[in-house]
There are 4 protein chains.
Amino acid sequence: MPKIGMEKVRKEAVIGATMRCLCKGGFTGLSVKAIAAEAGLSTGIIYHYFRNKEDLLLNVIREAFAQSHQNVMQVVEPLTSQRDKLFKHIESIHSVVLDNPDFYTVLLNFLGQTSNNPEVKKIMTKFLSNLTSYVRRYLEEGVARKEFAPDKTKDLDVMIIALGMGLGIMCTLAPETFDHKQLGESFKSFAEKYVE
Amino acid sequence: MPKIGMEKVRKEAVIGATMRCLCKGGFTGLSVKAIAAEAGLSTGIIYHYFRNKEDLLLNVIREAFAQSHQNVMQVVEPLTSQRDKLFKHIESIHSVVLDNPDFYTVLLNFLGQTSNNPEVKKIMTKFLSNLTSYVRRYLEEGVARKEFAPDKTKDLDVMIIALGMGLGIMCTLAPETFDHKQLGESFKSFAEKYVE
Amino acid sequence: MPKIGMEKVRKEAVIGATMRCLCKGGFTGLSVKAIAAEAGLSTGIIYHYFRNKEDLLLNVIREAFAQSHQNVMQVVEPLTSQRDKLFKHIESIHSVVLDNPDFYTVLLNFLGQTSNNPEVKKIMTKFLSNLTSYVRRYLEEGVARKEFAPDKTKDLDVMIIALGMGLGIMCTLAPETFDHKQLGESFKSFAEKYVE
Amino acid sequence: MPKIGMEKVRKEAVIGATMRCLCKGGFTGLSVKAIAAEAGLSTGIIYHYFRNKEDLLLNVIREAFAQSHQNVMQVVEPLTSQRDKLFKHIESIHSVVLDNPDFYTVLLNFLGQTSNNPEVKKIMTKFLSNLTSYVRRYLEEGVARKEFAPDKTKDLDVMIIALGMGLGIMCTLAPETFDHKQLGESFKSFAEKYVE
DNA sequence: TATGAATGAGGATTCATTCAT
DNA sequence: GATGAATGAATCCTCATTCAT
């Protein structure tokens, strides 16, 4: 087994293992030992690549957010109409619950940390404003191109993201109670009602 | 100091102390010792009133949810028109962020536990379906009384709660980025648009 | 076994155990676990009585220095003549090597810490100036009472302590090479030569 | 950079780096990794030149002692009169505190190891008896050459070394309390008093 | 020779829980 | 009822040492 040029591979392996552990058992009981075992590595090597457990966890959120963002972008970017982009974006956001449930596990587990950990807060704030600004861009551009009516977009970006996140959380927490597919339809029709 | 019949007082004191600790430092460092100190009691006594730490924490969520529910009900119940009830309810939900921020701290801290702890999951599911069913009742009753048009209420209950929770979370996590007051207005106008 | 009023007993037990461990194996390998085992206690209890390992170690030096000082005082105090006090003091200092070898073990082990640990430095400085000031007092008082000639006492206090410590260290480090008893005689005759 | 015949250079570099680390932070935190970093080398190479950490540390004391000895000898050797040699020697010993403070750092840090590590003990004993034997030689030779009176030299060698070491330690530990220069004068006058 | 990735045992510390008082 | 001393398993992290390259 090679020993050189492994930094990226190892870091990814550890981050992935951490996510899997997080999904299995949540924050409580998320030990470095367990992560190392999951990654098939020794505990020591984790400290070779990450300053400490917190540093590792911060990398985990960053990675989870980046991945989720990338997934959405891959689907939305090729589209040309702002309207299509907006609705595809909404659809993508909603389908994260099923396509990438790990994202929600990570999100839900870190939400509680936000108020106590400045670094987590920074990442979380950045992530949320990132999300809204994408939607805002579609809307503004769409208005400019006369795809949407101009006057109704007040706070619509934030509303869409809030609604998407709220639904995502509810569907994740209580999938038996909240029907993911049907709520996805309602989500889209909510947006439609606004932009038309 | 009386030594008998203190059960209710002590339990409430401990639950309150736990909430304060939770708000101060989150789950990390939430030790039984710290809770006891905050409550001005010994660690031992906590085990007299609660089976263990988990039992205490479950009581904390229950209490937080019950309190929050009660606060909303107190404001909404006296009203007679379903429309008034609905909008007052929405307003109340949104103002929890400012009026009772502890509720969000507790909520955010426990969200991550939901998937791993069946008891937390039960409480959380119950809480969420409770929330939606109240809104649904206003809507159905409102339609019956012809306060609202009949055909537009598809999933509106869930949408309102999801949006309310999403906005609440966003305003709690990043108050500098998301303006609570303005979003409250937009929230209400979103609902209005739907029921009219 | 009683559980109350044990603070002093426990603290002493832990400090004593630490000294014994220190004598057995030095600083290296002085683990809290080993100390606890030596004291017949659990590791946890050590942190109940001491903030951390460093706090415990500081208490150990303080205790060692205090004990050593007390031993000397017990012998010297009853004496009335300053000359007697001085020579008894010298004798006592020198016999620490044999009577209380733990003192030297502790001293030698902590000397290296002095430059890096401000608290150790404070204790050490205090201890050394304490030692010299006792000797200085005998000398000054002795001169005042005409027990000693007045002009020869320049730095004699420091010289006596330095010589005592140097001899103590040498006899401790290499007892086969340096004859404790004989050096004690020479030590005294050195002082005599000066005060006469 | 040459790759062969580097043994001596590398060994010296590592020993020097170790001394610098030791002076910076003492024994605590003196890791092979830190030493390697200080020396600008990899950790692996240290094990190429030294059997293990202990072996390296033993070399460090040996080197420190040898250097210190050499420094003294350089100054003393050219002198012809035994009296001059003796006093220059005393002066040199005392000035180590200022001229080569690293020596005392090393000495103080290793003193505690002496009783537990036979190899350290051997080196330390050798060093101390070396020191005294040099002084003894001056004295004996001086008596033979009638530079000193014959009868007063009992244990004077040990006393001088003990006093020198004691003063050195005190001046190193508490330089604000013990005035190096003045004590040097007193040290010399102490010796003078004896040999005259 | 030289590197630095990798290991894993061991250390300090925390903390839920119990129990004698 | 109430206390807080006591336990010891579990946690994070460090570090001497090895070894593939």
Side-chain angles (χ1 to χ4, degrees), chain A residues 1-7 9-10 28-36 40-54 56, chain B residues 1-7 10 28-37 40-56, chain C residues 1-7 9-10 28-37 40-56, chain D residues 1-7 10 28-37 40-56:
Chain A
M1 51 191 95
K3 271 202 165 193
I4 232 151
M6 289 278 106
E7 171 144 358
V9 179
R10 294 276 184 256
T28 318
L30 180 73
S31 71
V32 174
K33 204 177 169 185
I35 293 169
L41 295 167
S42 67
T43 60
I45 203 64
I46 289 183
Y47 290 88
H48 187 72
Y49 290 116
F50 299 93
R51 268 204 318 284
N52 49 33
K53 195 184 176 185
E54 193 188 322
L56 166 57
Chain B
M1 49 185 99
K3 285 211 162 190
I4 234 159
M6 295 302 284
E7 172 142 359
R10 291 275 187 256
T28 316
L30 181 73
S31 68
V32 174
K33 205 175 169 186
I35 293 168
L41 296 167
S42 67
T43 60
I45 202 66
I46 288 183
Y47 288 84
H48 187 73
Y49 290 117
F50 299 93
R51 266 203 324 282
N52 50 33
K53 195 184 178 184
E54 194 188 322
D55 180 33
L56 165 57
Chain C
M1 51 190 97
K3 272 202 163 193
I4 231 153
M6 288 280 107
E7 171 142 359
V9 180
R10 294 276 184 257
T28 317
L30 179 73
S31 71
V32 173
K33 206 176 169 185
I35 293 169
L41 296 167
S42 66
T43 60
I45 203 64
I46 289 183
Y47 289 87
H48 188 72
Y49 290 115
F50 299 93
R51 267 204 320 284
N52 49 34
K53 194 184 178 186
E54 192 188 323
D55 181 33
L56 165 58
Chain D
M1 51 186 97
K3 286 210 161 192
I4 236 159
M6 295 302 285
E7 173 142 358
R10 292 278 186 251
T28 316
L30 181 74
S31 67
V32 174
K33 205 176 169 185
I35 293 169
L41 297 167
S42 67
T43 59
I45 202 65
I46 288 183
Y47 288 84
H48 187 74
Y49 291 117
F50 298 93
R51 265 205 325 283
N52 50 31
K53 195 183 177 185
E54 195 189 321
D55 180 33
L56 164 57

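Throughout, protein chains are lettered first and strands after them, A, B, ... in sequence-line order, and every chain is numbered starting at 1.
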Tyr49(B) OH to Asp55(B) CG distance, which is reported to the nearest 0.5 Å: 14.0 Å

- prompt: For Leu41(A) and dA6(E), what is the distance between atoms CG and C1' respectively, to the nearest whole Å?
  reply: 9 Å

query: For the pair made of OH in Tyr49(C) and P in dT13(E), what is the distance, rounded to whole Å?
result: 18 Å

Within-4.5 Å side-chain heavy-atom neighbours: Leu56(A) and Ile35(A): yes

- prompt: dT7(F) phosphate, OP1 or OP2: any side-chain N/O from Ser42(C) under 4.0 angstrom?
  reply: yes

field: Separation of atom CE in Met6(B) from atom P in dA2(F), rounded to whole Å
entry: 6 Å

field: Tyr47(D) to Asn52(D) - nearest heavy-atom pair and separation
entry: CE2-CA, 3.9 Å

message: Without decimals, in angstroms, what is the distance between Ile35(C) CD1 and dA12(E) C1'?
response: 11 Å

Inter-residue atom distance Met6(C).CE - Ile45(C).CD1, 0.5 Å rounding: 11.5 Å

task: Can you sort out the partners of Ser31(C) under side-chain contact (heavy atoms from CB on, under 4.5 Å), two or more places apart, ordered by chain and number?
output: Lys33(C), Ala34(C)

- prompt: Pairing of DNA chain E as dot-bracket, 5' to 3': ( ) intra-strand, [ ] crossing, | other strand, . unpaired, with Watson-Crick or G-U pairs under 3.5 Å?
  reply: .||||||||||||||||||||

Show me the protein contacts with nucleotides 11-15 of chain F, counting only N or O atoms at under 3.5 Å.
from, atom 1, to, atom 2, distance (Å)
dC12(F), OP1, Leu30(A), O, 3.4
dC12(F), OP1, Lys53(A), NZ, 2.3
dC12(F), OP2, Val32(A), N, 3.0
dC13(F), OP2, Tyr47(A), OH, 2.7
dC13(F), OP2, Lys53(A), N, 2.9

task: Rounded to the nearest angstrom, tell me the gap between atom NE2 in His48(B) and atom P in dT21(E).
output: 20 Å

- prompt: Hey, what do you get for NE2 (His48(B)) to CG (Leu41(B)), rounding to the nearest 0.5 Å?
  reply: 12.0 Å

